[in-house]
Amino acid sequence: MVELFRNIINIISAVAIPLMFFTFLGWGFVKKVKVYEVFVEGAKDGFQVAVKIIPFLVAMLVAIGIFRASGAMDVLIALLSPVSSLIGMPPETVPLAILRPLSGSGSLGLMTELMKVHGPDSYIGVLASTMYGSSETTFYVLAVYFGAVGIKNTRHALPAGIIADIFGMLGALFICRIFFGI
Amino acid sequence: MLNYVWISLIVIGILVGVGKDINDEVRNTYRNGVSMEATVQVSKTPTALHQTWEGEIVIPEDAFNQFYGIESASSEIRLPVVMTTASSGRTSLVILIDESSPVFWKEMAKKSGSKDRLSGVVHSIKFSEDKSSAQISFLLEKVNYVKARAITKAALDYADTAVTISLGLIGVMALWLGVMKVAEEAGLLRVLTKALTPFTSRLFPDVPSDHPAVGAMIMNIAANMLGLNNAATPLGLKAMEELNKLNPKLGTATNAMCTFLVINTAGLTLIPATAIAIRVAQGSADPGVIIGTSIFGAGCATVAGLVSVKILQRLPRYKKDLLIDTPPTEVKNG
């Protein structure tokens with residue numbers, strides 16, 4: 001069942017983009033849109049959007065980089081460890097839970113490390129990969145998406161995003177304990 | 001909120017880093033300026049061409065632990081070493097650090113900048129009679145202000161990374177913006193949008209249901225679901241641009257933008273492709289086992305995010321940001 005689902009999704013993922021190009025551009029042609037001209041017209045904004053993101057992403061990544069490099073991250077993890085043992089989260093996975101919303105490449109490295117040490121099919125290995133798959137890099141998404149349209153006052157987006165992250169991690173822990181827990 | 005989080009990351013980071021450096025300096029954690037004793041078992045003696053001794057440095061674990069005031073070394077330390085006598089008569093040494101080296105030295109090597117070696121100066125060498133071994137006393141290079149240096153390096157490196165990431169988006173961004181423009185002109189987005197109106201009008205009540213923003217948001221969510229990261233970001237940015245056209249106060253996020261952002265940060269996907277790829281690489285017997293659990297986890301995140309975004313937007317402190325009481329700040333609209 002899972003296998004079938006996976007196969008179906010894999011096929012859809014593989015053909016999705018060519019299919020979208022085909023329908024969108026083909027439909028446009030049928031509807032007598034000057035496809036080439038309109039495409040180029042739209043595409044010329046690509047550079048601007050990318051460049052506009054730079055200051056926002058620099059601000060965000062530098063702050064996170066300083067926080068990690070200084071060892072403040074380790075202090076935060078040490079402070080949160082007692083809480084994690086209260087809810088039954090293995091102490092090894094606490095750093096991953098904290099790093100997940102902050103750094104995509106950092107949490108990817110941590111997840112790989114946990115699987116290498118404990119084995120991908122161990123409880124910790126499954127939990128780590130589930131935690132990784134249960135959320136996005138909130139701070140990165142925030143910087144890029146708001147950066148592209150010059151939003152400086154992000155209002156309640158960050159608190160809501162962090163609440164979502166916490167529930168994502170708790171959900172991952174809950175489901176893994178039920179199905180793979182010791 | 002972002003202002004506070006941002007300044008906290010930087011200030012707390014720097015304070016913790018400087019605190020650690022001061023602590024290291026006061027306790028002299030790395031024993032800067034203190035000579036260490038060791039035995040060298042010589043395997044190569046100097047020739048006419050090279051004034052170098054090669055061999056193995058041997059330090060009993062007890063002596064090592066006592067020297068640094070630690071307990072982490074558990075077996076005798078044996079590492080390759082090269083000693084070179086310069087014409088001035090000064091002898092320097094390089095200890096090669098590998099995987100089996102004591103953790104403390106590995107850390108020191110990393111912090112001094114060259115991952116695989118520790119270098120220093122030899123004060124005295126006493127050879128045994130057959131010249132096969134020697135008692136040496138040496139001083140390793142100073143290790144200090146480790147965290148301050150690390151912070152500097154991280155700040156510069158990450159600024160660079162940010163530019164690399166942003167500029168890396170140009171190509172895909174242009175591609176998708178072009179395709180989307182064609183779809184828009186052809187009226188395709190309107191067809192797509194109509195079908196999902198009952199769903200989107202509830203999530204984004206402030207956005208007219210036939211607005212191009214809705215089409216772009218649907219496309220973005222669909223791409224995320226399928227794990228098409230290359231397509232999802234450009235489509236998401238396109239959606240943000242469309243949403244910004246409805247924004248009465250440029251520079252401030254609207255309710256619809258926050259809702260859309262939370263859906264994206266929760267990262268609901270039918271196939272967590274990256275995590276599965278790593279599981280395959282690590283030799284998992286069942287890499288796909290996390291599909292169900294990840295959907296559940298990200299589902300929790302999405303529901304919690306949507307509920308909290310809808311509650312938070314009613315709070316007076318976030319509501320008042322939307323009032324246009326002061327002239328809107330100068331932000332160029334894309």
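Lettering follows sequence order; numbering is per chain, from 1. In this text the structure is predicted, and so the values were computed from the model without any measurement.
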- Task: Among B/Asn264, B/Leu237, B/Ile165, find the residue that satisfies the side chain to side chain contact (heavy atoms under 4.5 Å, CB included) test when tested with A/Val144.
- Result: B/Leu237
- Query: How about B/Val309 and A/His156: do any of their side-chain heavy atoms sit closer than 4.5 Å?
  - Reply: yes
- Query: Tell me, side chain or backbone of A/Tyr132 under 4.5 Å from chain B's heavy atoms, or both, or neither?
  - Reply: side chain
- Between A/Ala59, A/Gly119, A/Pro101, A/Ala16, which residue shows the highest count of heavy-atom pairs closer than 4.5 Å to chain B? A/Ala59
- Evaluate the side-chain proximity of B/Tyr318 to A/Asn153: yes if any heavy-atom separation is below 4.5 Å, no if none is. no
- Kindly determine whether B/Thr265 and A/Leu142 satisfy side chain to side chain contact (heavy atoms under 4.5 Å, CB included), including the steps that lead there. CA-CA 8 Å; B/Thr265 63; A/Leu142 192 89; 5.6 Å; no
- CG of A/Leu57 to OG1 of B/Thr161: how many Å apart, nearest 0.5 Å? 9.0 Å
- Item | Per-residue contact mode, B/Ala277 against chain A (heavy atom under 4.5 angstrom) | neither
- Among B/Met225, B/Lys238, B/Lys20, B/Glu185, single out the residue with the greatest number of heavy-atom pairs under 4.5 Å to chain A. B/Glu185
- Taking all non-hydrogen atoms of both residues, which atom of B/Val262 and which atom of A/Ala157 are closest, and how far apart? CG2-O, 4.1 Å
- Message: Which heavy atom of B/Ile10 sits nearest to which heavy atom of A/Ala63, and what is that distance?
- Response: CG1-CB, 3.7 Å
- Note on the structure: Comparing A/Phe21, A/Phe179, A/Phe56 against chain B, the one with the most heavy-atom pairs below 4.5 Å turns out to be A/Phe21
- Task: Quick one: closest heavy-atom pair of B/Trp6 and A/Met60, and the distance?
- Result: NE1-N, 4.1 Å
- Message: With a 4.5 angstrom heavy-atom cut-off, is it the side chain or the backbone of B/Val172 that approaches chain A, or both, or neither?
- Response: neither
- Message: Heavy-atom pairs under 4.5 Å with chain B: which of A/Gly161, A/Pro159, A/Cys176 has the most?
- Response: A/Pro159
- Note on the structure: Most heavy-atom pairs under 4.5 Å with chain B, out of A/Val51, A/Ile175, A/Val62, belong to A/Ile175
- Message: Please identify, among B/Ile276, B/Val163, B/Leu270, B/Leu169, the residue contributing the most non-hydrogen atom pairs under 4.5 Å to chain A.
- Response: B/Leu270
- Which pairs with one or both residues in residues 281-295 of chain B pass side-chain hydrogen bond (donor to acceptor under 3.5 Å, both in side chains), sequence neighbours excluded? A/Asp121-B/Ser284, A/Thr130-B/Thr293, B/Arg279-B/Ser284
- Item | chain A interface, residue from B/Met173, B/Lys153, B/Met219, B/Met240 that has the most non-hydrogen pairs under 4.5 Å | B/Met240
- Task: Would you mind reporting whether B/Glu241 and A/Val49 have side-chain heavy atoms less than 4.5 Å apart?
- Result: yes
- Task: Flag the one option from A/Asp165, A/Thr154, A/Ile178, A/Thr23 with the top tally of heavy-atom pairs under 4.5 Å to chain B.
- Result: A/Thr154
- Task: To the nearest 0.5 Å, tell me how far B/Leu2 CG sits from A/Ile151 CD1.
- Result: 12.0 Å
- What do the steps show when you test A/Arg155 against B/Leu312 for side chain to side chain contact (heavy atoms under 4.5 Å, CB included), and what is the final call? CA-CA 9 Å; A/Arg155 293 178 66 228; B/Leu312 287 171; over 6 Å; no
- Between CG of B/Leu250 and NZ of A/Lys152, what distance do you get to the nearest 0.5 Å? 10.0 Å
- A/Met115, part contacting chain B, at a heavy-atom distance under 4.5 Å: both
- Item | Within-4.5 Å side-chain heavy-atom neighbours: A/Glu136 and B/Asn224 | no
- Considering only heavy atoms, give the residues of residues 27-36 of chain A separated from chain B by less than 4.5 Å, sorted numerically, with 'none' for an empty result. A/Trp27, A/Gly28, A/Lys31, A/Val33, A/Val35
- Part of A/Tyr140 lying under 4.5 Å from any heavy atom of chain B: side chain
- Toward chain B, the part of A/Ala143 with a non-hydrogen atom under 4.5 Å: neither
- Item | For A/Gly133 against B/Ala298, the heavy-atom pair lying closest together | O-CB, 4.2 Å
- Max heavy-atom pairs within cutoff under 4.5 Å with chain A, candidates B/Gly267, B/Gly305, B/Gly299, B/Gly178, goes to B/Gly178
Hey, can you pull the donor-acceptor pairs under 3.5 Å for the side chains in residues 65-79 of chain A, sequence neighbours left out?
from: A/Ser70; atom 1: OG; to: A/Ile66; atom 2: O; distance (Å): 3.1
from: A/Ser70; atom 1: OG; to: A/Phe67; atom 2: O; distance (Å): 3.2
from: A/Ser70; atom 1: OG; to: A/Ala72; atom 2: N; distance (Å): 3.2
from: A/Ser70; atom 1: OG; to: B/Gly13; atom 2: O; distance (Å): 3.0

- Minimal heavy-atom distance between A/Phe39 and B/Ala174, with the atoms involved, is CZ-O, 4.5 Å
- What's the spacing between B/Asp160 CG and A/Leu61 CG if we round to 0.5 Å? 11.0 Å
- Side chain, backbone, both or neither of B/Leu306 within contact of chain A (heavy atoms, under 4.5 Å): neither
- Given a strict heavy-atom distance threshold of 4.5 Å, which part of B/Phe296 is in contact with chain A: side chain, backbone, both, or neither? side chain
- Go through the steps for A/Val38 and B/Glu184 under the test side chain to side chain contact (heavy atoms under 4.5 Å, CB included), then give the verdict. CA-CA 10 Å; A/Val38 171; B/Glu184 208 180 311; over 6 Å; no
- Which atoms of B/Thr233 approach chain A - backbone, side chain, both or neither, heavy atom under 4.5 Å: both
- Within 6.0 Å of NZ in B/Lys310, more than 12 heavy atoms from elsewhere: yes
- In terms of heavy-atom proximity below 4.5 Å to chain A, should B/Asn255 be classed as side chain, backbone, both, or neither? both
- About how many Å separate CG of A/Asp45 and CD1 of B/Ile170, when rounded to the nearest 0.5 Å? 12.5 Å
Show me the donor-acceptor pairs within less than 3.5 Å that the side chains of residues 167-174 of chain A make with the rest of the protein, sequence neighbours left out.
none

- Query: If you round to the nearest 0.5 Å, how far is OG1 of A/Thr112 from CD1 of B/Ile278?
  - Reply: 4.0 Å
- Can you say whether B/Met180 sits under 4.5 Å from chain A via the side chain, the backbone, both, or neither, judging by heavy atoms? side chain
- Item | Contacting moiety of B/Leu228, where chain A heavy atoms sit under 4.5 Å | side chain
- Given B/Met257 and A/Phe146, is the side chain to side chain contact (heavy atoms under 4.5 Å, CB included) satisfied, shown in steps? CA-CA 9 Å; B/Met257 285 180 178; A/Phe146 280 148; 4.0 Å; yes
- Message: As an exercise: rank B/Ala183, B/Gly236, B/Pro272 by heavy-atom pairs under 4.5 Å with chain A and give me the winner.
- Response: B/Gly236
- Task: Can you see which heavy atom on B/Ser166 is nearest to which on A/Ala50, and at what distance?
- Result: O-CB, 3.3 Å
